[in-house]
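Just so we're on the same page: letters track the sequence lines, and every chain starts at 1.
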Amino acid sequence: MLRTHTCGELRGSDAGTATTLCGWVASRRDHGGIVFLDLRDRYGITQVSVPSGNGDLSALALGLGPETVVRVRGTVRLRPGGMRNEKRPTGEVEVEASSLEVLNPARPPAIPVADGESASDEVRLRHRYLDLRRPSCQRVLEGRHRILSAVRRFFDGEGFVDVETPALVRWTPGGARNYVVPSRVHPGSFYALAESPQLFKQLLMVAGLDRYYQVVRCFRDEDLRLDRQPEFSQVDVEMSFVEEEDVMGAVERMLAAVVKEVDGRDLPLPLRRIPYSEAMLRYGCDKPDLRFGLPISDVTDLVRESGFTVFRAAAAAGGVVRGLSVPGGASLSRKEIDGLEKVAREAGAKGLAWMKREEPGSPEGEFRGPFVKFLAGGEAAAIADGVGAARGDLSLFVAADEESACAALAAVRGAAARAKGLLDGTALACCWVVDFPLLERTEGGGWAARHHAFTSPRPDQLELLETDPGRVLARAYDLVINGFEIGGGSIRTHRTDVQERVFRAIGIGPGEAREKFTFLLEALASGAPPHGGIALGVDRLVMVLLRLPNIRDVIAFPKTTSAQDLMTGAPSPVSPSQLRELRIRPEA
RNA sequence: GGGGCGGUAGCUCAAUUGGUUAGAGUACCGGACUGUCGAUCCGGAUGUUGGGGGUUCGAGUCCCCUCCGCCUCGCCA
């Protein structure tokens, strides 16, 4: 080793010992006679003092620019009283240098490396190696490592086998767009990069592995979001001879172990289970943010005869009128309410009806708001009660078709929580969303699998597959934390006859589409055990657990929203000769 | 593919209604200083205003095209 200690470990008790440190120059303070250097590595910052009297050493120290890589030999000294730095663990001591060695000079950094200094996303990503040199970034990467270690410890301890599955796979129809990889050996044929190991892990169950897990990279060629990257990691899990509760139980115990590891607190189990239909009604979406209340209520039946035409017409047209109450929201300004209405409009609502119940200082029973004048006697109180509005609360209503109303109120709910400061930055609100519909309508009027085609229908609802497909519930479950979908899974179909019926319901007949799944049907017919599993998004989980606002923050080398790597310049064109070898001709 | 916000010195930002030589902090360079730790003080240098075109006596500012970053709708079984 080039060093005897790290920059984070020297204490007062080390005073007098000889030491050699290596690190980056974090700052240089020149006092003419004496020069101070802050030396930084992953473990901390230690002050180095270079006293006068040794001309060469002082001159060398003066020439050290920021981020120069140096090796310092010296003696640990207790700092004089009053000169200690309480802000650093190493602040009691300094290393009095007897020699300085420049291991590598550094050009002035393109972005400041110190924590607390700002730089735009663009330059941070372009110089990611400097960005990652910041202590805060290193804490995140360490946190991610601890989380993944805890995950692996948990599954290892429960007898799961870590099996690797292919990344280069056959292209499969449906689902996320695949990245496509040309085959040199088979010109004109292509691999797909796996969007998930779904089929392989089911085949491992057929093989009898019984309990499988893997931390695996997945690839999806879809547009990016703050919680989506084109390549991301999953904790992929599959278990045999299990039911829903077995999978959910294992995962929430794993989650509790991870939360204990990173937060040191106990996650109360079992997690709340919320049926999909309730999630949609009360929170307007299938991944509710339960860090705050503001539940949505349906008041359609209260406004069928309303004096307010917008409400009456929506109800008559088969739509819904739903709303929520913001506690203390009567204090919100007109400007803030206009902001909420804008949110509702952007989410697809035609408008947002609002009503204040008894503002502070106003008489009992008073309601104020643009549409109150249209309401007949008692109606205002009835719908206010309907959404649970008390004195001083603000009621917000959307009248629309059910889908639009859900989307708009979900957006309004989040915006109102932010406006009223209801978001607890440290909270972890976890739940399972269960009882999803198995199928959903396609644009063409047919049916498609909502989760994937191998999700098992509820066994007591098999007949509905042929009579009323939209009502069939799936044996599926999503893990939701703070409004992010952290994972999703299901009990799979393990019998060929049931799989055939699901295929038929979603219009996969015995044609070419079916051929792509032949190997799976054959596998199911070869003694597939009842099985199920889940896939958890590692990056999202780390993001939520470390309370970071963006998935890029938890990935060492992420892509931008246009799926580029600003540091390396990927993707890039390849040479004509490479294309020729692959028999790929660019479109003219 | 659509919508919104942004791009000015290495970095973070400012620049009135279109008007003189585009400024500040920081970093950088030089000097002073023996106890700083966001060191301080004095001095200096720093620009393709993302790129291209247009309007105008005059464009960082207005118009068109385009590239890049972020957020978002579609998309993500």
Side-chain angles (χ1 to χ4, degrees), chain A residues 26-40 45-53 58 62-63 65-67 77 79-88 90-91 94 96 107-127 130-131 172-178 195-196 198-199 218-230 232 342-343 345-348 407 411 436-440 442-443 447-455 474 476 485 488-490 502 506 508 535 537 549-550 552 558-564 566 569:
Chain A
S27 92
R28 188 191 64 214
R29 294 178 294 278
D30 170 16
H31 286 262
I34 190 167
V35 179
F36 297 104
L37 300 172
D38 282 346
L39 204 60
R40 182 195 61 239
I45 290 180
T46 298
Q47 174 166 289
V48 175
S49 65
V50 183
S52 58
S58 294
L62 279 176
E67 303 309 317
R77 301 283 188 216
R79 282 149 77 153
M83 304 302 165
R84 300 193 178 153
N85 188 339
E86 307 288 340
K87 287 180 261 178
R88 282 184 197 151
T90 61
E94 65 191 5
E96 190 179 300
R107 60 171 60 165
I111 58 172
V113 173
D115 267 340
E117 300 285 335
S118 58
S120 68
D121 289 337
E122 195 170 347
V123 289
R124 285 179 59 197
L125 291 176
R126 187 155 276 129
H127 306 279
L130 290 177
D131 195 32
T172 49
R177 190 179 295 120
N178 290 115
E195 63 188 60
S196 82
Q198 181 61 37
L199 294 172
C218 304
F219 306 87
R220 295 182 186 175
D221 186 6
E222 298 290 350
D223 284 352
L224 284 75
R225 289 288 188 279
L226 71 81
D227 62 348
R228 285 174 13 196
Q229 282 273 308
F232 60 99
K342 186 162 178 258
V343 166
R345 287 181 186 279
E346 282 169 355
F436 284 88
L438 181 74
L439 308 174
E440 62 187 358
T442 62
E443 285 172 19
W447 295 97
R450 191 191 161 83
H451 185 54
H452 60 59
F454 319 112
T455 298
E485 183 190 325
S490 63
V502 173
I506 60 179
I508 299 186
N550 195 293
R552 286 185 302 273
K559 307 275 191 291
T560 67
T561 44
S562 65
Q564 289 180 281
L566 293 181

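Nucleotide B:rU49 is matched to nothing when pairs are restricted to Watson-Crick or G-U wobble geometry with both distances under 3.5 angstrom. Using N1 to N3 plus N6-O4 or O6-N4 for Watson-Crick, or N1-O2 and O6-N3 for G-U wobble, each under 3.5 Å, B:rA24 pairs with B:rU12. Remark: B:rG74 base-pairs with no nucleotide; criterion is Watson-Crick or G-U wobble with both hydrogen-bond distances under 3.5 Å. Remark: B:rU17 base-pairs with no nucleotide; criterion is Watson-Crick or G-U wobble with both hydrogen-bond distances under 3.5 Å. Judged by Watson-Crick or G-U wobble contacts below 3.5 Å, the nucleotide B:rG30 has B:rC42 as its partner.
Of the candidates B:rG35, B:rU12, B:rC70, B:rG35 carries the atom nearest the A:Met83 side chain, counting heavy atoms from C-beta on. In this structure, the nucleotide among B:rU12, B:rC71, B:rC37 sitting nearest to the side chain of A:Val123 is B:rU12. When distances are taken from the side chain of A:Asp121 to each of B:rC70, B:rU36, B:rG10, the shortest belongs to B:rC70. Considering only side-chain atoms of A:Gln564, the nucleotide from B:rC11, B:rC71, B:rC68 that sits closest is B:rC68. Nearest to the side-chain atoms of A:Lys87 among the listed nucleotides B:rG38, B:rU34, B:rC37 stands B:rG38. Taking only side-chain atoms of A:Glu94, from C-beta outward, the nucleotide of B:rC68, B:rU36, B:rU72 with the closest atom is B:rU36. If you check B:rC70, B:rC76, B:rU36 against the side chain of A:Arg220, the one that comes closest is B:rC76. The side chain of A:Ile34 lies closest to B:rG35, out of B:rC71, B:rG35, B:rC68.
For A:Asp38, the salt bridge (Lys or Arg N to Asp or Glu O under 4.0 Å) criterion is met by A:Arg29, A:Arg88, not counting sequence neighbours. When the salt bridge (Lys or Arg N to Asp or Glu O under 4.0 Å) test is applied to A:Arg220, no partner is found at least two apart in sequence or on another chain. Residues passing the salt bridge (Lys or Arg N to Asp or Glu O under 4.0 Å) test with A:Arg77, sequence neighbours excluded: A:Glu96. The salt bridge (Lys or Arg N to Asp or Glu O under 4.0 Å) search around A:Glu67 returns A:Arg40, A:Arg133, not counting sequence neighbours.
With hydrogens and angles ignored, a donor-acceptor pair under 3.5 angstrom links the side chain of A:Arg79 to the base of B:rC37. Between the side chain of A:Arg228 and the base of B:rC76, a donor-acceptor pair under 3.5 Å is found. For a distance-only test at 3.5 Å, the side chain of A:Gln47 qualifies as a donor-acceptor partner of the base of B:rU36.
Between the side chain of A:Arg28 and the main chain of A:Leu62, a donor-acceptor pair closer than 3.5 Å is present.
An OP1 or OP2 oxygen of B:rC71 is reached within less than 4.0 angstrom by a side-chain nitrogen or oxygen of A:Arg552.
Atom CG of residue A:Asp131 and atom CZ of residue A:Arg126 lie 13.0 Å apart, to the nearest 0.5 angstrom. A distance of 5.0 Å separates OG1 in A:Thr560 from CG in A:Leu566, rounded to the nearest 0.5 Å. Remark: A:Asp227 CG to A:Glu485 CD distance equals 9.0 Å, nearest 0.5 Å.
A:Ser562 comes within 4.0 angstrom of sugar-phosphate atoms only, judged by non-hydrogen atoms across all strands, and of no base. Counting any heavy atom pair closer than 4.0 Å across all strands shown, A:Arg450 reaches sugar-phosphate atoms only and no base atom. Across all strands shown, A:Thr455 has no heavy atoms under 4.0 Å from either base or sugar-phosphate atoms.
Nucleotides B:rG69 and B:rA24 have their P atoms positioned 32 Å apart, rounded to a whole Å. The gap from the C1' atom of B:rA45 to that of B:rG60 amounts to 23 Å, rounded to the nearest Å.
With hydrogens and angles left out, the side-chain atoms of A:Gln564 and A:Ser562 include a donor and acceptor closer than 3.5 Å.
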### Task
Spell out protein contact along nucleotides 22-33 of chain B as letters: B when the base is contacted, S when just the sugar-phosphate is, - when no protein heavy atom is under 4.0 Å; keep the 5' to 3' order.
------S----B
### Task
Mark up nucleotides 1-9 of chain B, 5' to 3', with B wherever a protein heavy atom is under 4.0 angstrom from a base atom, S wherever such an atom reaches only the sugar-phosphate, and - elsewhere.
B--------
